[in-house]
K.L.:
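Take this structure, written in structure tokens, and hold onto it; I'll ask about it next.
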Amino acid sequence: MSSYLDELNEVQRKAVVNTEGPVLVVAGPGSGKTRVLTYRIAHIIEKGTPPWEILSLTFTNKAAREMKERISKVVGDRANRVYAGTFHSIFARILRSEAEKIGYPSNFTIYDSDDSKSLITTIIKQLNLDGKVYNANAMRSKISSCKSNLITPKLYVQTPEMLEKDRVAKKPHFHKIYTEYVNRCKRAGAMDFDDLLFRLFELLQKNPDNVLEKYRKRFKYILVDEFQDTNFLQYSIIKKLVKYPGSRANICAVGDDAQSIYGFRGATIQNILDYEKDFTKDGIQVFKLEQNYRSTDHIVKAANEVISVNKNQIKKTIWSDKGEGAKIQIIKALTDSEEGKRVADAIMEQKMRYHLSNQDIAILYRTNAQSRVFEEYLRRYNIPYRIYGGLSFYQRKEVKDLISYLRLVVNPADDEALKRVINYPKRGIGKTSIDKVSDTANALNQTMWQAIDSAPISAKAKNTLFEFKKMLIEAAKKAKDGTAYEVATFVARQSGLIDHLKNDTSIEGLGRLENVNSLLDGINEFVEGDLLIDIEGENEDRSLSSYLQNIALVTDFDAKEHGDNVVTLMSVHSAKGLEFKSVFCVGLEENLFPSFMSLDSPEQVAEERRLFYVAITRAEQNLTLSFATSRYQHGSVRYNSPSRFLEEIGSDHLDGSVSLTASSRQAFGAHNNATSGGYRGAAKKQNTSSKVIGNFKPLRKKQLTLKVDPATFKPSPMGEIQSGMKVLHMKFGEGQVVNIDGSATNPIATIRFAEMGNEDKRIMLKFAKLQIMS
DNA sequence: GTTGGTATCTGTGGA
DNA sequence: AGATACCAAC
């Protein structure tokens, strides 16, 4: 057999060579999952299946691209003909050729979440509902969840239980919003991200022209990566394609229930459980990849301890033979800013001590907003870095503005695009006129573009809007014969967008102009056809419409240039699937990680825990966890206690020497006196040495001096602490253990400290350093 | 009717 | 901090 099979361990090899019939691969972190997937595809090709009969679904373009690269190393160029891509991009492509069968134009618009939210806000207003009761974001995620569970507006209205639930929740009009939202999307020829899945399901369900048969025949082998992140709708589509009488059910799902982190998007690990059941009769084979080739032992064991707190898991034992490795470091800081500094310090130190390059290091956080402080100190230390996530290129205002013009050229029914540019650059069309156009559109069930003609607006406004339409119609004509690039430059100039940006000579203004020019360059590249976002390898369609559908599904992250030696800063979510020699997981505080949004539901906390599990399993050799006792959130100082997740790691995996705070407190005292003015203002003049770090007076009350000299203090192992013993604590001094309870992995001692006025304190033994005296 | 300023509210993650 | 809401002035 071919040599690539020799690169696999026994289970991996089984998962690769058993290509027929349904397979579930449960793959722990660092267990060679991508290798199995790619070799499996290569193996299927080697055995004689044409690559285009293989459908491989992933969640990110990056994963798809990486997979193709790795397949091509085994089977060469044939790899490019594999139908591999993200759920959204592949489904969008299918829909593009089949849209008319379900009453959509093939050049349908893809609404991003901003478009969806803006449309929902509009609907809430027009239905005269209270925006506080009917929060647009909450409504959006509720709609998303309905679609992900195949609940149409019609079905919703016909289900008394759901309506009753809404009545109880004091949101009885939700169904109206949902119904209207779906109608308006349809009217605008637009699909939101969920529609790309939902409408495909609808297509397969309604099965016009036997389209279902066509795709069942076409995809002889289906592989799904990150199966734990699929939702009910995605699984329903997969089943439609795979499960039918006479099917060979050649499906391979790869996933890890412990790494399911997209519940907020409707993902459910129930799919894995259902999958096992649904394909039992087809002879499903389950393979568990349990050896972790990525991380050293302390990291793997700590991760196992953390995830074991969650119930209901697929049983597996992740292990590593990479050696014990370094213990996990903990950094405690008093403020978010100090956290930034100390992480940067630690990066400097690690680079020296372990000879790490910048690219070996990542800082992972729960929310993108946390990146700022790290950025600040890395810059100060001259450590090059790159931030991923946050605002992507295509989400920048000036870029979206031009894209909106282009969307209108392709699809004049696109109301969200129209609203965005109807008065930008300013052409004297105010709120009143826009409202009138919008009202007219609703009254006549037309698009706003159509309603401009009959709306009761002033002659002046009407003239302006006719000019506006005329310009876009001309652009649309150009689109018929010319290239996308020609249309885009025409629109950029004729709309006045370029002139408007040129008038702004500020630094930011220049940047905006530059961004618009890069967008134009990007369109040109798309037309010329070399650099292609294209995953499926058969994209010959270089129309403007095709371009717009492509970029709607692309993120900056996908555009990452390789090989730059920089420190990576990203959210934990986007770090999934990646690995770094040294990982800093920061902001480990209650309300932040776990997120405050998760705290009222144990299920959501469990998801946060899985997210933490993902974070720590990114590390190969060094893992550092940090938290701050106070931080600026939403404009004011917040005090958060350390994350519960820290307590879930056994102290034997933690490096004790850094977990105490004496040095940081003292170092910090110097800044303490300079509390005046706001943090934000101070942050701007970041080069001044006397940086003002907010107001944290309440902390001072708790400030304690050390009772013990750190040099002579020798903490005893956690297991030796027994009830009744006299112990010494660094800050609280001498005390007597009254009682020990809690769990085996997290014992909690009640200790009475004489020097603290005989106060009983509950001490987590895995964290506290206690020296036994007698 | 439109524009520009200030006050108020809101808040994760991402295809 | 950012977006949106509201109000005063052209």
Side-chain angles (χ1 to χ4, degrees), chain A residues 57-64 85-92 110-114 116-118 121-122 125 131-132 135-138 140-141 144 148 191-197 226 229-231 233-234 260-267 364-370 372 388-392 394-395 397 423-424 426-436 457-461 464 535 549-558 570-576 587 591-599 604 607-608 610-611 614-615 632-636 638 678-681 683-684:
Chain A
L57 295 167
T58 55
F59 276 83
T60 63
N61 294 311
K62 185 174 158 286
T86 64
F87 279 91
H88 291 85
S89 73
I90 290 201
F91 293 178
I110 297 174
Y111 273 177
D112 67 17
S113 15
D114 289 340
S116 300
K117 191 183 164 190
S118 142
T121 309
T122 309
K125 257 185 231 149
K132 278 167 201 147
N135 173 281
N137 270 327
R140 185 168 63 87
S141 70
S144 169
S148 305
M191 297 200 199
D192 65 16
F193 287 132
D194 299 308
D195 284 331
L196 294 176
L197 314 175
E226 309 280 14
D229 289 334
T230 54
N231 59 35
L233 171 55
Q234 283 162 320
S260 170
I261 56 173
Y262 285 101
F264 69 90
R265 212 156 72 180
L364 308 182
Y365 33 74
R366 178 64 181 81
T367 65
N368 286 310
Q370 286 165 258
R372 219 207 74 239
Y388 293 91
L391 259 202
S392 93
Y394 298 107
Q395 290 173 313
K397 185 189 176 309
N423 193 35
Y424 182 83
K426 298 235 161 70
R427 46 175 71 88
I429 306 297
K431 190 173 175 296
T432 319
S433 301
I434 296 172
D435 282 350
K436 278 187 180 148
I457 48 174
S458 71
K460 189 168 147 255
T464 312
I535 309 293
Q549 287 184 2
N550 270 305
I551 58 164
L553 301 172
V554 156
T555 58
D556 259 9
F557 189 74
D558 302 316
M570 58 169 59
S571 71
V572 182
H573 279 95
S574 29
K576 183 144 87 144
N591 299 315
L592 184 60
F593 199 177
S595 156
F596 69 99
M597 298 285 282
S598 72
L599 293 180
Q604 289 186 53
E607 175 153 319
E608 296 283 312
R610 293 192 293 269
L611 189 58
V614 167
Y632 283 85
Q633 274 174 303
H634 320 135
S636 62
R638 303 288 166 97
Y679 173 82
R680 296 297 170 194
K684 281 188 189 124

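Quick note on labels: first sequence line is chain A, next is B, and so on, each numbered from 1. Just so it is clear, the structure is predicted and the values come from calculations on it, not from any experiment.
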K.L.:
Between A:Tyr394 (OH) and B:dA15 (C1'), how many Å, whole number?
P.N.:
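About 15 Å, once rounded to whole Å.
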
K.L.:
Rounded to whole Å, please give me the gap between CZ in A:Phe59 and P in B:dG13.
P.N.:
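Atom-to-atom, A:Phe59 to B:dG13, this comes out as 19 Å.
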
K.L.:
If you measure only the distance, is there a donor-acceptor pair under 3.5 Å linking the side chains of A:Thr86 and A:Ser89?
P.N.:
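On atom types as modelled, these side chains qualify, holding a pair under 3.5 Å.
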
K.L.:
Using a cutoff of under 3.5 Å, can you pull out all pairs of nitrogen or oxygen atoms linking the protein to nucleotides 9-12 of chain B, with atom names and distances?
P.N.:
{"unit_1": "B:dG11", "atom_1": "OP1", "unit_2": "A:Asn135", "atom_2": "ND2", "d": "2.9"}
{"unit_1": "B:dT12", "atom_1": "O2", "unit_2": "A:Arg366", "atom_2": "NH1", "d": "3.2"}
{"unit_1": "B:dT12", "atom_1": "O2", "unit_2": "A:Arg366", "atom_2": "NH2", "d": "2.1"}

K.L.:
Test side-chain contact (heavy atoms from CB on, under 4.5 Å) on A:Lys117 and A:Asp114; report intermediate values, then the result.
P.N.:
CA-CA 5 Å; A:Lys117 191 183 164 190; A:Asp114 289 340; 5.6 Å; no

K.L.:
Between A:Ser89 and B:dA15, is there a contact of a side-chain N or O with OP1 or OP2 at under 4.0 Å?
P.N.:
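Looking at the OP1 and OP2 atoms of B:dA15, neither is under 4.0 Å from any side-chain N or O of A:Ser89.
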
K.L.:
To the nearest 0.5 angstrom, please state how far the CG atom of A:Leu592 sits from the CD atom of A:Glu608.
P.N.:
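One gets 9.0 Å once the value is rounded to the nearest 0.5 Å.
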
K.L.:
Aromatic rings A:His573 and A:Phe264: how do their planes relate, parallel, tilted or perpendicular, breaks at 30° and 60°?
P.N.:
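A:His573 vs A:Phe264 ring planes: perpendicular.
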
K.L.:
Can you measure A:Arg265 atom CZ to B:dG13 atom P for me and round it to whole angstrom units?
P.N.:
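In whole Å, B:dG13 P and A:Arg265 CZ are 13 Å from each other.
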
K.L.:
How many angstroms lie between NE2 in A:His88 and OG1 in A:Thr60, if you round to the nearest 0.5 Å?
P.N.:
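Between A:His88 NE2 and A:Thr60 OG1, I get 12.5 Å after rounding to 0.5 Å.
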
K.L.:
Would a distance-only check, ignoring hydrogens and angles, find a side-chain to backbone donor-acceptor pair under 3.5 Å from A:Ser144 to A:Arg140?
P.N.:
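No.
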
K.L.:
Pairs under 3.5 angstrom, nitrogen or oxygen only, protein versus nucleotides 2-5 of chain B, please.
P.N.:
{"unit_1": "B:dT2", "atom_1": "OP1", "unit_2": "A:Gly430", "atom_2": "N", "d": "3.2"}
{"unit_1": "B:dT2", "atom_1": "OP1", "unit_2": "A:Ser433", "atom_2": "OG", "d": "2.7"}
{"unit_1": "B:dT2", "atom_1": "OP2", "unit_2": "A:Thr432", "atom_2": "OG1", "d": "3.4"}
{"unit_1": "B:dT3", "atom_1": "OP1", "unit_2": "A:Gly428", "atom_2": "N", "d": "3.4"}
{"unit_1": "B:dT3", "atom_1": "OP2", "unit_2": "A:Asn423", "atom_2": "ND2", "d": "3.3"}
{"unit_1": "B:dG4", "atom_1": "OP2", "unit_2": "A:Lys426", "atom_2": "NZ", "d": "3.3"}

K.L.:
Would you mind classifying the nucleic acid contact of A:Phe87 as base, sugar-phosphate or nothing, using non-hydrogen atoms under 4.0 angstrom?
P.N.:
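It contacts nothing in the nucleic acid.
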
K.L.:
Taking A:Thr230 for its side chain and A:Glu226 for its backbone only, find out whether a donor-acceptor pair lies under 3.5 Å.
P.N.:
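Between the backbone of A:Glu226 and the side chain of A:Thr230 there is no qualifying donor-acceptor contact (under 3.5 Å).
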
K.L.:
How long is the line joining OH of A:Tyr365 and P of B:dG13, in whole Å?
P.N.:
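Taking OH of A:Tyr365 and P of B:dG13, I get 10 Å after rounding.
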
K.L.:
Closer than 4.0 Å, any side-chain N/O of A:Ser571 to the OP1 or OP2 of B:dG14?
P.N.:
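For A:Ser571, the contact criterion (side-chain N or O under 4.0 Å from OP1 or OP2 of B:dG14) is met.
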
K.L.:
Return the value, rounded to whole Å, for the distance between atom CZ of A:Phe593 and atom P of B:dG13.
P.N.:
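Going from A:Phe593 (CZ) to B:dG13 (P), I get 12 Å.
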
K.L.:
Between A:Lys436 and B:dG1, does any side-chain N or O lie under 4.0 Å from OP1 or OP2?
P.N.:
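The answer is yes; a side-chain N or O of A:Lys436 sits under 4.0 Å from OP1 or OP2.
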
K.L.:
In whole Å, what is the span from the CD atom of A:Gln395 to the P atom of B:dG13?
P.N.:
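The distance from CD of A:Gln395 to P of B:dG13 comes to 11 Å, rounded to the nearest Å.
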
K.L.:
Can you give one letter per nucleotide of nucleotides 2-10 of chain C, 5' to 3': B if a protein heavy atom sits under 4.0 Å from the base, S if only from the sugar-phosphate, - if neither?
P.N.:
---S-----

K.L.:
Within this structure, what is the CD1-to-P distance between A:Ile261 and B:dG13, rounded to whole angstrom?
P.N.:
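That distance rounds to 13 Å.
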
K.L.:
Mind checking whether A:Phe91 and A:Phe87 have parallel, tilted or perpendicular rings, split at 30° and 60°?
P.N.:
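Perpendicular: the ring planes of A:Phe91 and A:Phe87 meet at over 60°.
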
K.L.:
Within the distance-only criterion (no hydrogens, no angle test), does the side chain of A:Asn61 pair as donor or acceptor with the backbone N or O of A:Leu553 below 3.5 angstrom?
P.N.:
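Side chain of A:Asn61 to backbone of A:Leu553, a donor-acceptor pair under 3.5 Å: yes, one is there.
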
K.L.:
Can you tell me how far the CG atom of A:Asp229 sits from the OG atom of A:Ser260, to the nearest 0.5 Å?
P.N.:
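With rounding to 0.5 Å, CG (A:Asp229) is 5.5 Å from OG (A:Ser260).
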
K.L.:
Take atom NZ of A:Lys397 as the centre, draw a 6.0 Å sphere, and report whether it contains more than 12 heavy atoms from other residues, nucleotides or ligands.
P.N.:
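Yes, the 6.0 Å shell around NZ holds more than 12 heavy atoms from other groups.
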
